[in-house]
Amino acid sequence: MQLKITGKYNMLKVVQNISNLADIHYVRQKEPLGLGHAILCARKFIGNEPFAVLLGDDIIDSETPALRQMINKYQEVQSSILGCKEVPRLDVVKYGIVNYSYRYQDMYKVQSLVEKPSVEAAPSTQAIVGRYILSPMIFEMLERITPDAKGEIQLTEAIDLLLSREPIFSYLIQGKRYDVGDKFGFLQASIDFALKRPDLKKQLEQYLLDSLMKANKEADL
């Protein structure tokens, strides 16, 4: 309303377009009891349907949205899909890692999951990167598992249980992934996405160039 009153119609259009993207319902997780618990909190909105989980600290820039890619794969196999990216072997200690038994087209049949394994113990370098399509059976698994030492319900453990009931596949998402939970990853995403904007690109490029030249001069002194 304020944008309309002040005649900022371009900004008003942006806000209106965002608000029309989807119908939003939300539920608050009252205690930090893990990702599995957060998903359980949303059960009443989901019912007996397959659903997607997207973690906000993973951003994937791709021509075909990451979730659209995974939905296409789900439609092929009608089974839960774990969105993954290959990571350097030294980084496996930061992720849930997929142990797979075989490749099916451009997907992999999941055999088990290993949470933050050592470099030596990692069964692969396929890391889960905050994108899931899960069958509603996962709710039963989440209710069965015991909270860990921190009192958290871990989604990875529930997925491991689900493997005994139905097949699960991993899929290597196409696109560039940013970990914005990491300080440098946040900076990378901010710069790369800003450089894609016609209204910011030229100004940002000049600023980065000037900053680099200034840093080089200071290093020479």
Side-chain angles (χ1 to χ4, degrees), residues 34-36 38-40 42 46 48-142 144-145 148 153-182 185 188-189 192:
L35 177 56
I39 291 171
L40 275 174
I46 296 165
N48 194 37
E49 300 280 349
F51 62 97
V53 177
L54 296 84
L55 303 188
D57 54 358
D58 278 299
I59 294 177
I60 297 168
D61 184 23
S62 56
E63 186 174 342
T64 301
L67 185 58
R68 178 74 262 175
Q69 295 176 42
M70 293 176 63
I71 290 172
N72 292 342
K73 298 306 169 186
Y74 177 86
Q75 290 171 342
E76 289 180 26
V77 295
Q78 296 294 309
S79 292
S80 296
I81 306 285
L82 310 180
C84 295
K85 295 290 280 185
E86 293 282 1
V87 298
R89 180 158 285 276
L90 290 177
D91 288 346
V92 295
V93 296
K94 303 176 184 177
Y95 300 96
I97 300 296
V98 172
N99 179 21
Y100 59 85
S101 54
Y102 63 87
R103 180 172 180 170
Y104 171 74
Q105 297 179 10
D106 53 358
M107 290 176 280
Y108 299 79
K109 175 67 170 58
V110 178
Q111 186 170 324
S112 63
L113 301 178
V114 185
E115 187 65 29
K116 297 179 180 178
S118 66
V119 173
E120 297 76 20
S124 77
T125 53
Q126 269 192 32
I128 303 172
V129 291
R131 298 290 185 276
Y132 309 78
I133 294 180
L134 299 171
S135 79
M137 180 66 71
I138 194 68
F139 292 119
E140 182 181 328
M141 305 300 109
L142 287 166
R144 285 173 53 185
I145 63 176
D148 63 14
I153 297 175
Q154 297 296 340
L155 177 60
T156 302
E157 188 177 345
I159 293 173
D160 255 338
L161 276 179
L162 185 61
L163 280 166
S164 65
R165 304 289 292 272
E166 55 189 51
I168 298 176
F169 293 87
S170 64
Y171 168 69
L172 294 176
I173 296 171
Q174 303 302 302
K176 184 172 182 179
R177 178 236 177 187
Y178 299 89
D179 178 5
V180 297
D182 173 77
Q188 285 179 302
D192 286 356

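- The shortest distance between side-chain heavy atoms of Val98 and Cys84 falls below 4.5 Å.
- In this structure, NZ in Lys109 is found 6.5 Å from CG in Leu163, a value given to the nearest 0.5 Å.
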Apply side chain to side chain contact (heavy atoms under 4.5 Å, CB included) to residues Val114 and Val92 and explain how you reach the verdict. CA-CA 10 Å; Val114 185; Val92 295; over 6 Å; no

Before you tell me yes or no, could you show the steps for Phe51 and Phe139 under ring-ring contact (aromatic ring centres under 6.0 Å, His included), namely the whole-Å CA-CA distance, both residues' side-chain angles and the distance that decides it to 0.1 Å? CA-CA 11 Å; Phe51 62 97; Phe139 292 119; 5.2 Å; yes

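- To the nearest 0.5 Å, atom CD1 of residue Ile39 and atom CE of residue Met141 are 13.5 Å apart.
- Of all heavy-atom pairs spanning Gln111 and Ser101, the tightest one is OE1-CB, 3.3 Å.
- Once rounded to the nearest 0.5 Å, the distance linking CD of Gln78 with OG of Ser135 reads 11.0 Å.
- Annotation: side chain of Asp106 is in contact with side chain of Lys73 (closest heavy-atom distance under 4.5 Å).
- When side chains are defined from C-beta on, Ile128 counts as touching Leu113, because their heavy atoms get closer than 4.5 Å.
- Leu35 places a side-chain heavy atom less than 4.5 Å from the side chain of Tyr132.
- Counting only distance, with no hydrogens or angles, the side chain of Lys85 and the backbone of Gly175 share a donor-acceptor pair below 3.5 Å.
- Using modelled atom types and a 3.5 Å distance limit, the side chains of Gln126 and Tyr100 yield no donor-acceptor pair.
- Of all non-hydrogen atoms in Asp148 and Gln154, the two that sit nearest each other are OD2-NE2, 2.8 Å.
- Among Asp57, Asp192, Asp58, Asp61, the single residue meeting the side chain to side chain donor-acceptor pair (under 3.5 Å) criterion with Tyr178 is Asp192.
- Note: Leu82 CG to Ser170 OG = 6.5 Å, rounded to the nearest 0.5 Å.
- In this structure, the side chains of Asn72 and Gln75 come closer than 4.5 Å at one or more pairs of heavy atoms.
- Atom CD of Gln105 is surrounded by more than 12 heavy atoms from other residues, nucleotides or ligands within 6.0 Å.
- With hydrogens and angles disregarded, a donor-acceptor distance shorter than 3.5 Å links the side chain of Arg131 to the backbone of Leu55.
- At a threshold of 4.5 Å between non-hydrogen side-chain atoms, the residues Ile133 and Leu67 count as touching.
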Pair Gln174-Thr64, side chain to side chain contact (heavy atoms under 4.5 Å, CB included): steps then yes or no: CA-CA 8 Å; Gln174 303 302 302; Thr64 301; over 6 Å; no

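- Residue Ile145 holds its CD1 atom at 10.0 Å from CG of Asp160, rounded to the nearest 0.5 Å.
- The OH atom of Tyr171 sits 9.5 Å away from the CD atom of Glu76 when rounded to the nearest 0.5 Å.
- Using a 4.5 Å heavy-atom threshold, the side chains of Pro167 and Val77 count as separate.
- Pro136 approaches Asn48 most closely through the heavy-atom pair CG-OD1, 3.4 Å.
- Screening residues 87-96 for side-chain hydrogen bond (donor to acceptor under 3.5 Å, both in side chains), with sequence neighbours left out, gives Tyr95-Arg177.
- Of all heavy-atom pairs between Ile97 and Pro123, the closest is CG2-CD, 4.0 Å.
- For the pair Leu142 and Ala158, the tightest heavy-atom approach, listed with the atom from each and the gap, is CD2-CB, 3.4 Å.
- At a threshold of 4.5 Å between non-hydrogen side-chain atoms, the residues Ser80 and Glu166 count as touching.
- Across Ile173 and Gly83, no two heavy atoms sit closer than the pair CD1-CA, 3.7 Å.
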